[in-house]
Structures are given as C-alpha cells and as structure tokens.
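Worksheet for the structure shown next.
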Protein chains: 2
Amino acid sequence: MSALASNARPSIAGPQGSLSLHHIKVHCHTCSLRELCLPVGVDQDALQQIDALVTERIHVKKGAALYRAGDPFSALHAIRVGSCKTTVLGEQGHEQVAGYHMTGDIVGMDGIASDRYAGQAVALEDSEVCVLPYDRLEELARHLAPLHRNLDKVLATEIVRGHNLMLLLGSFRAEERLAVFLLDLSQRYRERGYSATEFMLRLTREDIGSYLGLQLETVSRLLSRFQAGGLLQVQGRLVKLLDLPALKQMAGDSGARGPIVHA
Amino acid sequence: MSALASNARPSIAGPQGSLSLHHIKVHCHTCSLRELCLPVGVDQDALQQIDALVTERIHVKKGAALYRAGDPFSALHAIRVGSCKTTVLGEQGHEQVAGYHMTGDIVGMDGIASDRYAGQAVALEDSEVCVLPYDRLEELARHLAPLHRNLDKVLATEIVRGHNLMLLLGSFRAEERLAVFLLDLSQRYRERGYSATEFMLRLTREDIGSYLGLQLETVSRLLSRFQAGGLLQVQGRLVKLLDLPALKQMAGDSGARGPIVHA
DNA sequence: CGACTAGTTGAGGCCAGTCAATGTTGGTGG
DNA sequence: CCACCAACATTGACTGGCCTCAACTAGTCG
C-alpha cells in the first residue's frame, strides 16, 4: 500500500555495463544511499576508493542472520535494501532487541570492541547488505580524513542512540515508550522519502516489546488504546498515524515519569 | 577505611624536574593509568606524542561539571584522579544518570556525534582530568595506528556498555539491576587495585536509582533487604560485599525476567 | 484443512512507584 | 563545641501500571 511497503528503487545499474540479470553491479557512487550511508561528503575520488573495498554485496533472506553473537568480527554491514534487527545477548542467554535498522544504517559496531560480535543481526525481510571489511576501512580512513570523521561519527551516533534508549527504558512509561518508538520510525521513514504517517511494522509485537522493555501483550493493548483514542489506525503490521501532535505530546510533554494526569 | 576510599597514589612526579608545589607536572609515560587509559600498547615514542597533545590537566571540584549539555564539543576527558557521573538529557529536561566513571575512564564521547555534548559530566569528588582535544587526537591517530585502534575501541566499548545497560533496564528486575550494578563496581575497583568487596558509593541513592531506572526508595529498600539477607553490609555510602556468589546468582542466574521462583 | 505463528483481549496479582513521616549525616557559623 | 540546617537516607502504607496466565481469533503455509 504505502510507498515503503515495497523496496522498489530507481534504476541502480551503473554506467559501465557488466551487469547480469541475477547480479546487478552496484557502486557507492551510483547508490541512492550515498547521502545516508558512510560516504557522506567525500569527493568522487574517495568514493571510488570506498567502493573498491566493498568486496561483497550480499543478499540476506528474511530471518537469516547477517552475523551471530560470538562470530569473529571482521566487517561492518551497511543495509542497502531492506531492514534488520540487532540484539544483545545476556549472560544467561536472554536476548533483547537492541535496534531496528533500515536502509542506509550501519550495523555490527558492537564487534569492534572485542573482535567478536556481542549480539546478532537478523534480516526482517529479504535484504541486501554491503559488507565493509573493517581493517581495510580503518586503513583507508587513515588516508581519507572525511571518511575517518564519518566513521567516528557513525560510532558516536550509535553511542548517543544508546544513551537515548537508556533514557527511554529507564524513565518513560509504557505508552510514552511506544509513542517515542512510533515517532522515531515516522521520522526515519520520512528521511528516506517514505510516508511519515503510514508504514509497515517489520517487527512483531514481541520484538517491539523486547526493544522497549515491555511485554508483547502490553504493546498490543497500547496500540489498541491508541487506536481507540484516535491517535492512529492499526491493522496487523500496517500503521497509520492520525494525530502526530498528540503522539508527540504523549511522547514527552508530560515529562518523563511525570505525575500521572488523570484526564 | 578501605583502600579505595582515598585516592592516594604513588608519586607522580616525573624525572625531569620542573615541578611546582601547586602544579605538579604529569606525563602520560609516568602516569600510573598508562595501562588503563587511551595509550595502552603504544610505544614510548608515540606516548610522548600523545602526552604532548594533553595541554590541560585540570582540577575539578566535587559537584562541578567537566562539560555541560549543549556546550560545543572540543575534547574528550580522561579521569586521572577521582570519579564522575555522566547524564543524558531528555527533550523535556528530564535528566538521567547514564554512567558512573572512575580512574582511567574516558568521558565526553557523546559530543562527537553532533559537535555538542548531549549530556553533562559532573565530578563526584574533587578530581583531576586530562583534557584531550579531539581534533588533535584525530589528527594524531592518523599517524599512529595503535592510537587509532585504541580510540575506536574506546568508542566501541562505550557502545557495548550502552547495549548492556539497555538489557539491564529492559529485561531485569529491580534486585537484579542492583546486584549487577554492585558487581560491576566490584570488578572495576578490583581492576584498579582496590578492594573488590569493600568500597564507597560515590553516587547518592537517587543517582543510583536514576542510573538503574528505579526510585531512590527502591534502591534504599533493596540495600536493606540485601543486608538482611546477609549478602552485604551497608552503612550510608560504605558497602561491604559479603557473599559475591549469591550476588552473582541474583544478578543473572534466574534469567532475565525469568519466572519468579518462590523460595 | 489442520497446524502453526502472530495478535487480541480479559482477569487477577505482584513489583515497584508514590506519598509521607522520621532518622541520619555533614557542613557552617555563632 | 554545639546548634542548626539542608541534603541524604530509611521505612511504612497504599496504589497502580505492567506482568502473568489464559482463552480466543486471524492469517499463513504446507
């Protein structure tokens, strides 16, 4: 229904031929994600060098893992088409969703710290991923200051994302968390040129709950409640946001953990 | 009482004189944190270069901020003596403790993402901090591969710390969170040569609660409960861990959000 | 069509939040 | 030195938000 339900993209065939039906040649400088992904703001020459180190652009089936917890770390992964969830693993095997990632996002940074991935990344739909070998990336970054800077920013942004999530999990009540989650999705879809008000949830209720520190029943109930209140419309995984201002108010205006205002 | 209650350190005077009473000259290569801080594993020559970029080693009074939310980002801060807490700031002004940092830790990474600090860092006692100008650090890292690697690891470790905290806040119950917190402190004090079982909490109950997503009353109650159960002894901020195995079991054995076992 | 997974909704209970009163500690100035 | 004050901490009583358990419905895929 919505534009983003499909991942159709404009032509991605490069100008220099050599494209087969089953394996279309993709390059950074012809990729529509140029402005979202790692190479923002680098010049043409640098772009080609970055392109050269992306040796693999792999297809990942829905439900398959880009990498697993404990795998030796070797590369970051940039999502070209599709989406995935990342998870953290507790000592006793408990798993929690740590992130939902879409087109242009980079995942796998948790592997840098200990040379092994700490969690796993699982495709939520058939996806296409650029594999960025980390040692070559690091080496290249030494010569390309803008790339170096971008790489550090990507890491730092993930740190900030984590901090904001801590705030969400530590100080927000269930309905605030869900509102923040929906608004975050809305914004990210808009940034990618999709509808900000109508989109498909690629995560199950359970995954959303895991991500937000809630039970799946709570998520389901809240969505129903939001719908009853005219904030949105839900039909399975399809969500239509009807009242963004009200959602924004719910997401924060009351102040985190503020006194409950009985309306 | 305990060794770690004081921050007394062995002599820090360098060999090359030039030390005044009020401003003792400190250098990376004579700093006792060499093995904990940024320059782990770099050679003598590189160490001198890192040392050269640390233009300031500032003293921060208890309660004073190393940096504030919104300040333009210019430097990372390495804690040489003392400790601090870092916080995240919500849109509506709500503040939550995001980290407790001690000797050798590096703070201020949240500023890299947007060239402004997202939260603030506040000293919990009179402390001494090395200021690491970021642009010079980045520049130097381009020539010193080991430093580059260390810097990235520091960032990545912060990412993993964030992920683990998400897990803690999203999937653990109150007593599990507190047990994890205490064990984390225990381990970090041990790594620094202090007692792993007897230490001073530098955070108030409120700060601990904020960090763990709990109310201060809950923290207080839990500490009392732990004491009643013989797990530890508390007297204000002084904590003596009496039963580490039991604490560890409480921290995870039940499995996060696992079924409550009525003993 | 049956088995399975995902989602919804209801009933009830518990963990932790909230409100409130009291105790304790540490710093400051008379 | 001690009185005083403010910040920090403890404990109790009560409440309520979210979890837990459970039954039922709606799609999906072999």
Per-helix bend value, the helix from dC1(C)-dG30(D) to dG30(C)-dC1(D), C1' rotation axes over five pairs per end, 10° rounding, shows 40°
- Query: Do the charged groups of Lys85(B) and Asp207(B) touch, with an N to O distance under 4.0 Å?
  - Reply: yes
Separation of dC18(D) atom P from Leu212(A) atom CG, nearest Å, is 12 Å
Arg173(B) CZ to dG17(D) C1', in whole Å, measures 16 Å
note: Leu178(A), atom CG; dG7(C), atom C1'; distance rounded to Å ~ 15 Å
In short, side chain to side chain donor-acceptor pair (under 3.5 Å) pairs touching residues 228-247 of chain A with sequence neighbours left out are none
For this session: Mind telling me whether Tyr211(B) and Phe181(B) have parallel, tilted or perpendicular rings, with 30° and 60° as the class edges?
Result: perpendicular
Separation of dT8(C) atom P from Leu222(A) atom CG, nearest Å, is 11 Å
Is any NZ, NE, NH1 or NH2 atom of the basic residue among Arg57(A) and Glu128(A) found under 4.0 Å from an Asp or Glu carboxylate oxygen of the other?
no
Could you tell me whether Arg192(B) and Asp105(B) have a side-chain N and a carboxylate O separated by less than 4.0 Å? yes
Rounded to whole Å, CZ of Arg237(A) lies from P of dT5(C) at a distance of 14 Å
### Message
For Glu191(B), is there an ion pair with Arg188(B) - N to carboxylate O distance below 4.0 angstrom?
### Response
no
**SB check Asp126(B) Lys62(B) (cutoff 4.0 Å)** = no
Here the gap from Arg173(A) atom CZ to Leu222(A) atom CG, rounded to the nearest 0.5 Å, amounts to 10.5 Å
Closest of dA16(C), dC18(D), dA6(C) to the Thr204(A) side chain is dA6(C)
From NZ of Lys62(B) across to P of dG26(C) the rounded distance in Å is 10 Å
In whole angstroms, the gap separating C1' of dT5(C) from CG of Leu124(A) amounts to 16 Å
For nucleotides 26-28 of chain D, which of its nitrogen or oxygen atoms have a protein nitrogen or oxygen under 3.5 Å away, and what is each distance?
none

Each nucleotide N or O in nucleotides 10-12 of chain D that has a protein N or O under 3.5 Å away: list the pair and distance.
residue : atom : partner   : partner atom : Å
dT10(D) : OP1  : Arg205(B) : NH2          : 3.1
dT10(D) : OP2  : Arg205(B) : NE           : 2.7
dT10(D) : OP2  : Arg205(B) : NH2          : 3.4
dT10(D) : OP2  : Ser220(B) : OG           : 2.7
dT10(D) : O5'  : Ser220(B) : OG           : 3.2
dT11(D) : OP2  : Ser224(B) : OG           : 2.6
dG12(D) : N7   : Arg221(B) : NH1          : 2.8
dG12(D) : O6   : Arg221(B) : NH2          : 3.3

Rounded to the nearest 0.5 Å, the CE atom of Met166(B) sits from the CD atom of Gln96(A) at a distance of 8.5 Å
Contacts of His77(A) meeting ring pair (Phe, Tyr, Trp, His ring centres under 6.0 Å) (sequence neighbours excluded), chain-then-number -> Tyr67(A)
Gln215(A) CD to dA22(D) P, in whole Å, measures 15 Å
The ring pair (Phe, Tyr, Trp, His ring centres under 6.0 Å) partners of Tyr100(B) (sequence neighbours excluded) come to none
